[in-house]
Protein chains: 2
Amino acid sequence: MVGINEVAKAAGVSISTVSYALSGKRPVTEETRRRVQETVERLGYTPNARARALAGKQTRILALTEPLHEYTHAPTHMTFVLAASVAARRLGYDILLLTDEDAAPGMSRVALSGLVDGILVLDVAPDDVRADLARSLDLPTVFIGVPESSEGLVCVDLDFVAAGALAVDAFAEAGHRTIGLLGHAADAYEVSNFPPRVRDGFLTRAQERGLEAHFEPLSGDGSLALQVVHALDALLARGVTAIALHNGEDEHEVVLEAVARRGLTVPGDVSLISVGASFDTARLPVPMDAVPLVAQRSCDLAVELATDSATRPGVRLIAPELVDHGSIAQAPVADG
Amino acid sequence: MVGINEVAKAAGVSISTVSYALSGKRPVTEETRRRVQETVERLGYTPNARARALAGKQTRILALTEPLHEYTHAPTHMTFVLAASVAARRLGYDILLLTDEDAAPGMSRVALSGLVDGILVLDVAPDDVRADLARSLDLPTVFIGVPESSEGLVCVDLDFVAAGALAVDAFAEAGHRTIGLLGHAADAYEVSNFPPRVRDGFLTRAQERGLEAHFEPLSGDGSLALQVVHALDALLARGVTAIALHNGEDEHEVVLEAVARRGLTVPGDVSLISVGASFDTARLPVPMDAVPLVAQRSCDLAVELATDSATRPGVRLIAPELVDHGSIAQAPVADG
DNA sequence: TTGAAAGCGCTACCAT
DNA sequence: ATGGTAGCGCTTTCAA
């Protein structure tokens with residue numbers, strides 16, 4: 001292992017000059033800088049991360065806590081992990097995985113031992129134990145998602161209320177007057193935290209704009225396909241001409257199949273939009289408009305907040321955006 | 001942050017005694033050890049990982065390189081990441097994620113900077129660039145999977161040849177004489193490395209035991225369901241009474257559906273076994289016997305090899321095991 | 001069985 | 001603009 005001493009000797013400067021030439025934290029003559037740079041390359045010098053961490057007081061590692069449950073949706077989850085990793089690397093950080101089922105011990109361990117510079121919290125539950133822990137830890141911690149009690153925490157999330165509202169707007173502007181929201185399993189609206197936010201944003205905005213809006217969660221029994229079809233039929237029976245989907249990729253596909261099986265076309269007979277999905281709705285059998293949950297946006301912001309010493313507590317809601325893939329058409333002219 | 005100095009002072013011993021009392025690397029009077037232990041707990045002392053890494057020459061971090069492609073199967077992948085993480089923690093290591101699309105720079109970076117004590121390589125391709133890189137790095141590196149040129153490398157993998165053979169044995173012992181293997185997409189047998197191994201193990205053992213064996217990969221066109229059904233029909237047309245499946249969870253489900261749609265029962269009319277799957281075949285609509293690829297076994301071994309300084313290069317093949325879920329029945333008595 | 005002290009390889013302060 | 005050097009908080013050798 002070639003060290004900074006050898007580089008300094010070979011370049012004919014002091015080790016502090018080598019350090020500063022590489023970090024740029026102190027002005028260095030262009031000539032000196034070039035000589036150091038060249039020597040570094042010639043000798044194949046790579047600064048030792050351990051020494052750097054001890055002396056410089058930062059490891060440039062962020063912990064990512066993601067307690068994996070059996071009901072964790074793997075693809076979605078992986079999207080976020082990947083996005084976090086990309087975002088971190090972009091700012092020169094690496095990601096340390098914390099996958100313990102009960103996250104607290106791992107978090108404390110890496111925090112107290114000074115192994116990481118910050119913590120990213122994934123899969124946030126409303127009553128997440130990591131909330132209290134984060135408040136006690138004295139280490140930059142960013143929640144990707146919002147727990148029930150978020151005071152004093154740094155949280156990043158899609159503005160799900162606005163996302164639900166945006167879907168309504170899209171329908172309303174296309175002239176739809178009777179619209180539906182096909183949601184997650186009914187339990188999710190009690191246990192989880194964003195499904196109700198989408199629902200409320202949807203229903204509230206619909207009321208504001210004078211639309212007739214119907215909400216159907218998935219009923220808890222039968223196969224997924226059956227549940228979805230059941231909810232879909234309930235909405236269609238009420239005369240909706242446009243449906244927003246807030247659930248998973250499988251549910252989206254079942255809806256498209258069921259719609260086709262009923263001889264309906266998208267968007268000719270029924271308009272569709274996906275809300276809060278983190279997969280690519282353009283790749284569905286029928287490309288679907290969406291107000292997506294973009295993992296990369298959440299993670300970019302999260303990493304930035306976690307690595308910026310000026311970060312203050314607070315919830316940062318990411319403004320939703322509409323992505324058009326042609327699954328919304330003008331509503332048929334109503335004769336009512 | 002309370003440091004080792006404060007602990008030493010409070011316990012009335014030297015810092016080296018504190019260090020040894022905690023590490024056990026030198027005998028310490030029981031009385032002293034207890035006093036140190038108690039002081040540590042009272043003050044809430046946690047050794048500083050950075051200092052420890054610099055002085056002790058190990059970070060207790062393993063890198064996990066997993067270049068995520070678009071065709072990466074998320075659930076399978078996550079199973080391995082989780083298994084690696086669990087295995088690592090069990091030996092007191094953490095996992096650092098390396099997700100860059102081209103893995104080489106990340107691997108070099110963490111290796112040369114001394115950030116990690118070893119590297120685990122996931123998603124190994126036959127012509128994996130990480131093979132040469134690993135040979136050049138001088139850092140314990142374990143491949144979970146076997147690249148084409150594996151000389152000088154440490155590799156861990158399921159013995160796919162034996163797995164294919166074991167499936168044949170299971171069928172043969174139940175009296176089946178004409179059997180089939182329904183595989184991956186045909187390309188996979190050229191591009192990837194384990195599909196051909198399963199195939200060869202299957203066909204060779206069948207020949208050895210005097211069974212008639214048919215192999216059907218998936219043809220490259222049409223929907224997945226169509227491809228699977230096509231291959232299934234081809235096998236049934238040849239009179240097979242037992243079929244081994246070496247492909248993904250979706251394919252397994254399609255096979256079960258198609259079999260049912262033909263009015264056939266499992267295992268009454270046709271026996272089935274899954275080979276090399278890393279999902280739980282007991283949870284399929286019809287629980288299926290399996291010769292599984294157990295991520296935890298591979299990862300446990302991989303972590304052990306990566307952290308043991310006595311590890312020598314070589315390929316470690318994990319012996320396959322048969323898991324019974326009742327999807328193999330005695331063959332109907334043949335009248336031929 | 002214990003203590004003193006020399007590193008580990010950097011960063012950053014204090015000089016010049 | 002550059003050099004010397006005191007730490008960073010441990011582990012481990014050397015002495016006692």
Side-chain angles (χ1 to χ4, degrees), chain A residues 1-37 39-40 43-61 92 109-117 139 309, chain B residues 1-37 39-40 43-61 92 109-117 139 309:
Chain A
M1 262 318 44
V2 26
I4 199 174
N5 278 292
E6 296 152 69
V7 175
K9 203 161 299 171
V13 295
S14 72
I15 66 165
S16 52
T17 297
V18 173
S19 178
Y20 287 121
L22 292 177
S23 72
K25 291 187 182 176
R26 187 166 89 171
V28 168
T29 318
E30 178 53 24
E31 149 68 11
T32 310
R33 205 199 55 68
R34 257 210 6 269
R35 192 145 37 85
V36 169
Q37 187 57 44
T39 312
V40 162
L43 301 186
Y45 166 70
T46 309
N48 183 298
R50 310 205 262 250
R52 214 182 244 239
L54 182 56
K57 320 206 161 294
Q58 48 171 297
T59 60
R60 303 215 67 103
I61 298 176
R109 184 173 53 81
V110 297
L112 296 175
S113 68
L115 221 198
V116 302
D117 295 341
L139 193 74
S309 59
Chain B
M1 260 319 45
V2 28
I4 198 174
N5 278 293
E6 296 154 68
V7 175
K9 202 162 300 173
V13 296
S14 71
I15 66 165
S16 54
T17 297
V18 174
S19 178
Y20 287 121
L22 291 177
S23 72
K25 291 187 181 175
R26 186 167 91 170
V28 168
T29 318
E30 177 54 23
E31 149 67 11
T32 309
R33 204 200 56 69
R34 256 210 6 269
R35 192 146 35 86
V36 168
Q37 186 58 44
T39 311
V40 163
L43 301 187
Y45 166 69
T46 310
N48 182 298
R50 311 207 262 251
R52 210 177 244 231
L54 181 57
K57 320 204 160 297
Q58 47 171 298
T59 59
R60 303 215 66 105
I61 298 176
R109 183 172 54 82
V110 298
L112 297 175
S113 69
L115 221 197
V116 302
D117 295 341
L139 192 75
S309 59

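Chain letters run A, B, ... following the sequence lines, proteins first and then strands; every chain starts at 1.
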Task: Upstream residue (5' side of DNA chain C) when B:Arg35 and A:Gly3 are each assigned their closest nucleotide - done: B:Arg35

Open item on the list: Let's see if you get this right: which residues in residues 20-30 of chain B place a heavy atom under 4.0 Å from DNA chain C?
Closed with: B:Arg26, B:Pro27, B:Val28, B:Thr29

- [ ] Grab the CD1-P distance between A:Ile4 and D:dC8 for me, whole Å please.
- [x] 19 Å

- [ ] Establish, with yes or no, whether the OP1 or OP2 oxygen of D:dT12 is under 4.0 angstrom from a side-chain nitrogen or oxygen of B:Ser19.
- [x] no

Task: Whole-Å distance separating the NZ atom of A:Lys9 from the P atom of D:dT2 - done: 20 Å

Open item on the list: What is the separation between atom CD on B:Glu6 and atom P on D:dC10, rounded to the nearest whole Å?
Closed with: 9 Å

Task: Length of the line joining B:Arg50:CZ and D:dC10:P, which is rounded to integer Å - done: 11 Å

Could you list, one pair per line, each protein nitrogen or oxygen that sits under 3.5 Å from a nitrogen or oxygen of nucleotides 6-8 of chain C, together with the distance?
unit_1: C:dC8; atom_1: O2; unit_2: B:Ala55; atom_2: N; d: 3.4

- [ ] Can you measure from CD1 (B:Ile4) to CG (B:Leu22) and round to the nearest 0.5 angstrom?
- [x] 7.0 Å

Task: Whole angstrom value for the distance that separates C1' of C:dA12 from CD of A:Gln58 - done: 13 Å

Open item on the list: Between C1' on D:dC10 and CG on A:Leu115, what's the gap in Å once rounded to a whole number?
Closed with: 14 Å

Open item on the list: Determine whether a donor-acceptor pair (N or O, by modelled atom type, separation under 3.5 Å) exists between the side chain of B:Thr39 and the backbone of B:Arg35.
Closed with: yes

Task: Gap separating the CD atom of B:Glu6 from the CG atom of B:Leu43, nearest 0.5 angstrom - done: 7.5 Å

Open item on the list: Can you tell whether the side chains of A:Glu30 and A:Arg33 come within less than 4.0 Å, N to carboxylate O?
Closed with: yes

- [ ] Give a yes or no on whether a salt bridge exists between B:Arg34 and B:Glu31, defined as a side-chain N under 4.0 angstrom from a carboxylate O.
- [x] yes

Task: Distance (rounded to the nearest 0.5 Å) between B:Arg109 CZ and A:Thr46 OG1 - done: 11.0 Å

Task: Test item: A:Thr29 side-chain N/O and A:Thr32 main-chain N/O as donor-acceptor pair under 3.5 Å - done: no

- [ ] Indicate, yes or no, whether a donor-acceptor pair under 3.5 Å links the base of D:dG3 to the side chain of A:Ser16.
- [x] yes

Task: Closest listed nucleotide, where the reference is the side chain of A:Ser14 and the choices are D:dG3, C:dT11, D:dC10 - done: D:dG3

Open item on the list: So, taking the atom named NZ in A:Lys57 and the one named CG in A:Asp117, what distance separates them when rounded to the nearest 0.5 Å?
Closed with: 12.0 Å

- [ ] Starting from the first five and the last five pairs of the helix from C:dT1-D:dA16 to C:dT16-D:dA1, work out the angle between the resulting helix axes, to 10 degrees.
- [x] 40°

Task: B:Thr59 side-chain N/O to B:Leu115 backbone N/O, donor-acceptor pair under 3.5 Å - done: yes

Task: Nearest-0.5 Å distance that lies between atom CZ in B:Arg52 and atom OG in A:Ser113 - done: 8.5 Å

Task: Interatomic distance, A:Lys25 atom NZ to A:Ser19 atom OG [nearest 0.5 angstrom] - done: 7.5 Å

- [ ] Indicate whether OP1 or OP2 belonging to D:dG3 is found under 4.0 Å from a side-chain N or O atom of A:Thr17.
- [x] yes

